[in-house]
A.B. asks: 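Sharing a structure with you now.
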Amino acid sequence: MADIIELLPDHVANQIAAGEVVQRPASVVKELLENSIDAGATYIKLVIKDAGKTLVQVIDDGMGMSVTDARLCFERHATSKIRSADDLFGIHTKGFRGEALASIGAIAHVELQTKTDGKELGTTIIMEGSEVKSQEASVVPKGTAISVKHLFFNIPARRNFLKSDTVELRHVIDEFHRVALAHPNVAFSMWHNGTEMFSTPSSNFRQRIVNLFGFKMNEKLVPVNEATELVDIDGFVLKPEFSKKGKNDQYFFVNDRFIKSPYLHHAVKSAFEGLIKDGYQPGYFLKFKVDPKSIDINIHPTKTEIKFDDEHSLYALIRAAVKHSLGQYNVAPVLDFDRDSQLDTPYNYKDKPVTWPTVEVDRNFNPFQEETKYRSSGFTNFKSKQKESWESLYVDLELEPKGDAESAVIGIEQDFKHSKIFGEDDTEVQIKTYQIFTKYVITALKSGMLIIDQNRAHQRILYEEYLKQLTTKASVSQQLLFPLTLEFTRKEFSVLDTIKEDLAHAGLLYSSVSDSKIEVTGVPIGVPESEVLTIIEDLISDVTQEIPDTNFGTHDMVSKSLSKSLAIKTGQSLSALEQEDLVNRLFACKEPSLSPFNKPIFITMALGDIEKQFKL
Ligand code: ADP
Ligand code: MG
């Protein structure tokens, strides 16, 4: 029998490869944008017509290509990004297969203009179905512009397979978002049929998200930051009340590459357990930095799935980091009620005009309805609730010195009703916590009962957290979208300067604009912008008072002052979850029994003592 095996001609092989790499206009968009990123572009412009079916053009100001490279880039397996198989295990670029341009060149009309830095002339090449139609030297700007026209012109079946412009445009926007989110430091713009759809300057991650998804997104974001040996996690989750029934905004990036991972999605979702309803999806924008050697990107041509060496640890770390952030957000002080009288501050609050504290929350959505009154949701009822809290606070203060247990009952919070102390099911005496007098959190122990002062407990928690941050210099800060300009007297300003470094480690980042004005660009996580001024004022006065006492380290001083300012106050009602979180975090502290100001945080009542009382 005669030999029948033949090598396929290049253009056929390329067409076959294209079937894998290029499914639709959005695939072209992805490949071209990523090439521009790899070329070190600082500005990338995407222009499409008819959802990319007629034209996809990407213009960048990257490194460009030499005359030879410009011709070679359309060959299959032609790449400048890896040289040997070993390089596959340390990939730092988006591309590495050398397949994209060859594939695109096989199924569209492509025009490439490119010029490297310092050269007078660049190159223009026109390709049609893997054939070079023309190549000439030409006057073009530095960088690369690639136009891909009439996609699938030679494969009608594929062309007919494309969906409506609306659907294809959505895919294009998705790809654009993914690349733009992965590289906030690169400026992008996107045009469709002559209209500018997006324009995003070089910025930080938070600003990039807001630029792409609208200003409303800003208040939904909860920062997540965790640096570990295995992975650095950085980004945001959406507050639980912004979870959605269908698919939400869900973005994972590994080493600046967008990826999909049902497994890691599960990790995030499980961190939201109990905070969102069944069937709802959390939203997130999370970036992971890992050692390139610990991942394998080489699984799928479109490269949105990757393999991790240590997936299980990654799962645990992500889950813990998200939980941690949500925890911080839940107990974040959002109301500024009266201060604990025992921690006299030199500021005379009575002289300040009384205003309702402002709370940054979603006003419409309450996933918890009656059961858990999340501070951040159910705002519609919140004002009256606030009032109740004020009133009960007032009652408490009046009653407290008398210690009159009978009349103090008035101050008992509604939460009492919801507590499960006498659970419906006797076998499961699942005693958690409940709050009384909007001041104490009570929890049962095997051997008795614990009454915890919420303000002091939270002071202790925050104090230890800040002290740790300040000594390890590992700060977490929440970037402000717009810097906050604050004015001080020269004297206050100079005091502030002495603790600038400590403040930075506590998350408060600022720069001086003049000798009395500062611009705050970052605040400790969970601190509302409206409170920043008061906190700094308190700090300055605390530091001024402490300065004569040279034994005091500034770490200690700053941590104390911040914990005092930011701790949840007496009079603030806490949801069941917040109470539980408070108790858990308190007992994770090194010194859970004393506040940073050496006041007792809780008292215990032993079961034996309680029983004795009943025998009287
Ligand atoms: P890969 O990105 O996997 O290397 P491509 O087919 O996408 O494969 O690109 C082939 C080569 O063409 C790249 O390795 C790069 O050297 C060059 N190239 C592609 N696009 C650009 C660009 N926008 N700027 C500079 N060089 C580019
Ligand atoms: Mg590429």
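Indexing begins at 1, ligand by ligand and atom by atom, following the structure's order.
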A.B. asks: If the cut-off is 4.0 Å to any non-hydrogen atom of Gly95, which atoms of ligand 1 fall inside it?
C.D. replies: 2 (O), 3 (O)
A.B. asks: Numbering the atoms of ligand 1 from 1, which are under 4.0 Å from a heavy atom of Ala100?
C.D. replies: 6 (O), 7 (O)
A.B. asks: Between Phe198 and His177, is the ring centre distance below 6.0 Å?
C.D. replies: yes
A.B. asks: Below 4.0 Å from any atom of ligand 1, is there a heavy atom belonging to Glu31?
C.D. replies: no
A.B. asks: What part of Ala78, side chain, backbone, both or neither, has a heavy atom within less than 4.0 angstrom of ligand 1?
C.D. replies: backbone
A.B. asks: Does any N/O atom on Asp38 come nearer than 3.5 Å to any N/O atom on ligand 1?
C.D. replies: no
A.B. asks: Relative to the ring of Phe236, is the ring of Phe205 parallel (under 30°), tilted (30 to 60°) or perpendicular (over 60°)?
C.D. replies: tilted
A.B. asks: Answer with yes or no after comparing the ring centroid distance for Phe176 and Phe188 against a 6.0 Å cut-off, counting only values under it.
C.D. replies: yes
A.B. asks: Could Lys216 and Phe213 be counted as a cation-pi pair, given that NZ or CZ must be under 6.0 Å from the ring centre and within 45° of the axis?
C.D. replies: no
A.B. asks: Who passes salt bridge (charged side-chain N to carboxylate O under 4.0 Å, His left out) against Glu128, sequence neighbours left out?
C.D. replies: none
A.B. asks: Distance under 4.0 Å to a non-hydrogen atom of Thr79: what atoms of ligand 1 satisfy this?
C.D. replies: 1 (P), 4 (O), 14 (O)
A.B. asks: Over 60° means perpendicular and under 30° means parallel, so tell me whether Phe258 and Tyr251 are parallel, tilted or perpendicular.
C.D. replies: perpendicular
A.B. asks: So for ligand 1, is Ala102 a polar contact partner (N or O within less than 3.5 Å, distance only)?
C.D. replies: no
A.B. asks: Using a cut-off of strictly less than 2.8 Å, determine whether Thr79 has an N/O/S atom near the Mg ion (ligand 2).
C.D. replies: no
A.B. asks: At under 4.0 Å between heavy atoms, which part of Thr144 makes contact with ligand 1: side chain, backbone, both or neither?
C.D. replies: side chain
A.B. asks: Could you tell me which atoms of ligand 1, counted from 1 in the order shown, lie closer than 4.0 angstrom to a heavy atom of Ser80?
C.D. replies: 13 (C), 14 (O), 15 (C), 16 (O)
A.B. asks: Using a plain distance cutoff, I'd like to know if Leu101 has any nitrogen or oxygen under 3.5 Å from a nitrogen or oxygen of ligand 1.
C.D. replies: yes
A.B. asks: Salt bridge (charged side-chain N to carboxylate O under 4.0 Å, His left out) with Lys289: which residues, sequence neighbours excluded?
C.D. replies: Asp256
A.B. asks: Determine, stepwise, if the pair Val58 / Ile146 fulfils side chain to side chain contact (heavy atoms under 4.5 Å, CB included).
C.D. replies: CA-CA 5 Å; Val58 170; Ile146 300 187; 5.5 Å; no
A.B. asks: Would you say Gly62 touches ligand 1, if touching means a heavy atom closer than 4.0 Å?
C.D. replies: no
